[in-house]
Amino acid sequence: MGLIVQKFGGTSVRDRDCLFRVARIVADTRNAGNDVVVVVSAQGDTTDDLLVKAAEITTDPSHREMDMLLATGEQISIALLAMALQEIGVPSVSLTGWQAGFATDRTYMSARIKRLNTERLESELARNRVVVVAGFQGLNKSEDITTLGRGGSDTSAVALAAALHADRCQLFTDVEGVYTADPRKIPKATKLKEITFDEMLELASLGAQVLNNRSVELAKKYGVELEVISSLNPVPGTIVKEETKVEGMLIKGVAKDENVAVISILEVPDVPGMSFKVFSLLAQKKINVDIILQSSGRDGKKDLIFTVPKTEAENAKRILEDNKTRFNGGEVLINKNCAKVSIVGAGMQSHSGVASTMFEALFGQNINIHMISTSEIKISVIIDAVDADKAVAAIHDAFIQ
Ligand code: ADP
Ligand code: ASP
Ligand code: MG
C-alpha cells in the first residue's frame with residue numbers, strides 16, 4: 001500500500017476512449033492497494049486552441065486574462081476523468097489547482113509554486129477517493145488564477161508527489177519514455193532506461209519537450225524519482241533520478257530548440273560596464289538571455305551578440321533601441337531564422353573529442369555554426385533554422401549506434 005501520483009498529458013486524455021483507458025490504469029493502481037492522486041492536462045490541442053482564440057481578439061492580451069482562459073482546459077479534463085472513474089466504479093473527486101492548494105507567485109503565464117496546502121487533498125484521500133487534480137494552475141495572493149507555463153502539469157505532479165511524500169511519481173505520455181532524440185523526428189532514437197536529473201534538466205531546458213524543465217528542477221530539489229511512461233503501451237519507461245548506473249553512453253540525447261533568436265548590437269564602446277548596461281536593461285524586463293558572445297575590440301568598439309527566446313526578440317530589440325544612448329550602441333540586428341541544437345551527457349566530462357565529433361557531423365552536412373556554448377554536460381550550437389532537423393539527425397548518427 002502506497003501513495004502514487006500519476007500524471008496524464010493532453011494526448012493521453014484526448015477523447016472518450018483515451019479517458020476510459022486512463023481511468024482503467026488508475027483503477028488498476030488503486031486495486032493494487034494504493035492511494036492515487038491523478039494530475040491531468042487539457043485534452044489534446046485545447047491549450048493551443050485557446051491561444052488561437054485569444055489571438056483572434058488581441059495581439060497583446062492581458063496575462064491575467066490569458067491565465068483565466070488557459071486554466072479552463074484542465075478544468076474540462078478533471079471533470080471528465082472523474083466521471084469516467086465513477087462510471088467504472090472508482091470513487092473519485094476532481095479538484096482545480098486552487099482547490100488542491102496550489103499557491104503561486106504573481107507571474108501570470110509562468111507562475112512558480114510557492115506553497116502547496118494539501119489539507120483538502122488529504123481529507124479526500126482519507127475518504128478513500130481517487131483525487132483528480134487540474135495540472136498547470138494555481139492561485140496567487142490576490143486570489144487570481146495563474147498558470148505555470150507550457151508543459152506545467154508535469155510540475156504540478158512533481159510538486160504533489162513531493163508534498164504528499166508519494167512513493168512513486170509516474171508521468172504518462174504519448175511516447176514510451178525519454179529517448180536519445182525526439183522519436184517522432186528521429187526514428188532511430190532509442191529509449192533510455194535511466195537518466196540523471198542533471199542530464200534530464202539540460203535536455204528539457206534545451207528543447208526536449210517530453211518533460212517540463214521546472215518539473216525536473218523540482219524533482220531534483222526534493223529527490224522525487226520520476227518514471228516517464230506510455231499511457232498506450234504497458235512497457236517499462238524511463239526512470240529519472242539522482243544517479244544512474246554507468247551505461248557507457250557518451251551522450252544521452254540530442255535536443256532542438258526553435259524558440260531562439262540572435263540579437264547583435266554593433267559597435268558599442270569597448271570600455272568597462274557595457275555588458276552590465278545592456279544586460280541589466282533586459283533583466284529588468286525579465287527577458288532571459290542565453291548564449292553571449294563578445295567580439296574582440298577594434299578601434300575602441302566591440303559587438304555584443306546574444307540569444308533570447310524568439311517570443312521575446314521584438315520586445316528585447318525595442319527596449320535596446322529605446323535605450324541606445326545608455327550604451328552608445330550602433331545598430332541592433334535581430335535574426336529569428338535560427339535554432340539551437342544541443343547534445344547532453346555526463347559522459348562528456350571524462351572524454352575528449354566530443355565537441356569535435358559534433359562539429360564534424362555538422363561539417364559533413366555543410367552546416368555553418370553561428371555560436372557555440374558549452375557546460376560540463378552539454379554542448380549547444382546556434383545554426384540556421386532550416387538546417388536544424390538535418391543537424392539533429394547527423395549528430396544523432398555520429399554518437400548513437
Ligand atoms: P504530454 O502531453 O504527455 O505532456 P508532450 O507533448 O508535452 O506530452 O511531450 C511528449 C512529446 O515530447 C513526444 O510526443 C515527443 O514528440 C516529444 N519529445 C521531444 N524530445 C523527446 C525525447 N528526447 N524523448 C521523448 N519524447 C520527446
Ligand atoms: N495544457 C498545458 C499546455 O499545453 C499544460 C500541460 O499540458 O502540461 O502547456
Ligand atoms: Mg508535456
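Everything numeric in this text was worked out from a predicted model, so none of it was measured. Ligands are counted one by one from 1 in listed order, and the atoms in each one are counted from 1 as well.
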Give the ring-plane orientation class for Phe8 versus Phe172, where under 30° counts as parallel, over 60° as perpendicular and anything between as tilted.
parallel

Quick test: of every protein heavy atom, which one is nearest to [atom], and how far off is it to 0.1 Å?
atom: atom 3 (C) of ligand 2; value: Arg150 NE, 3.4 Å
atom: atom 24 (N) of ligand 1; value: Tyr179 N, 2.9 Å
atom: atom 7 (O) of ligand 2; value: Ser41 OG, 3.2 Å

Does only the side chain of Ala255 get under 4.0 Å from ligand 1, or the backbone, or both, or neither? Count heavy atoms.
neither

Using heavy atoms and a threshold below 4.0 Å, how should the contact between Lys7 and ligand 1 be classified: side chain, backbone, both, or neither?
side chain

Indicate yes or no: does an N/O atom of [X] lie under 3.5 Å from an N/O atom of ligand 1?
X: Gln209; value: yes
X: Pro183; value: no
X: Arg184; value: yes

Can you check whether Phe20 reaches Ile88 side chain to side chain, under 4.5 Å on heavy atoms?
yes

Taking 4.0 angstrom as the limit and counting only heavy atoms of [X], give me the atoms of ligand 1 inside it, by number and element.
X: Gly10; value: 2 (O)
X: Gly177; value: 24 (N), 25 (C)
X: Asp174; value: 10 (C), 11 (C), 13 (C), 14 (O)
X: Thr173; value: 1 (P), 3 (O), 8 (O), 10 (C)
X: Val178; value: 24 (N)
X: Ala208; value: 20 (N)

Judged by modelled atom types alone, do Thr146 and Thr104 share a side-chain donor-acceptor pair under 3.5 Å?
yes

Would you please determine whether Gly10 falls within less than 4.0 Å of ligand 2 on a heavy-atom basis?
no

Please verify whether a non-hydrogen atom of Gly135 lies at under 4.0 Å from ligand 2.
no

Note: [X]-[Y] ion pair, threshold 4.0 Å (strictly below):
X: Glu124; Y: Arg120; answer: yes
X: Lys7; Y: Asp154; answer: yes
X: Asp270; Y: Lys301; answer: no
X: Lys221; Y: Glu217; answer: no
X: Glu258; Y: Lys256; answer: yes
X: Arg184; Y: Asp174; answer: yes

At a 4.0 Å cut-off, with the gap strictly under it, does some heavy atom of Gly253 reach an atom of ligand 1?
no

State whether the shortest distance between N or O atoms of Glu74 and N or O atoms of ligand 2 falls below 3.5 angstrom.
yes

Of Thr180, Asp182, Thr238, Leu203, the one whose closest heavy atom lies nearest atom 15 (C) of ligand 1 is Asp182

Could you work out, for atom 9 (O) of ligand 1, the closest of Asn212, Leu206, Val210, Val228 by heavy-atom distance?
Val210

Sidechain-backbone polar pair: Asn328 side chain, Val268 backbone, donor-acceptor under 3.5 Å:
no

Can you tell me which residue among Thr11, Ile76, Asp49, Leu81 is in a side chain to side chain contact (heavy atoms under 4.5 Å, CB included) with Gln43?
Ile76

Nearest 0.5 Å, please: how far is CD in Gln99 from CG in Leu139?
10.5 Å

So, taking the atom named NE2 in His370 and the one named CD1 in Ile305, what distance separates them when rounded to the nearest 0.5 Å?
11.5 Å

Close-contact set for ligand 2 against Gly151 heavy atoms, below 4.0 Å:
3 (C), 5 (C), 6 (C), 8 (O), 9 (O)

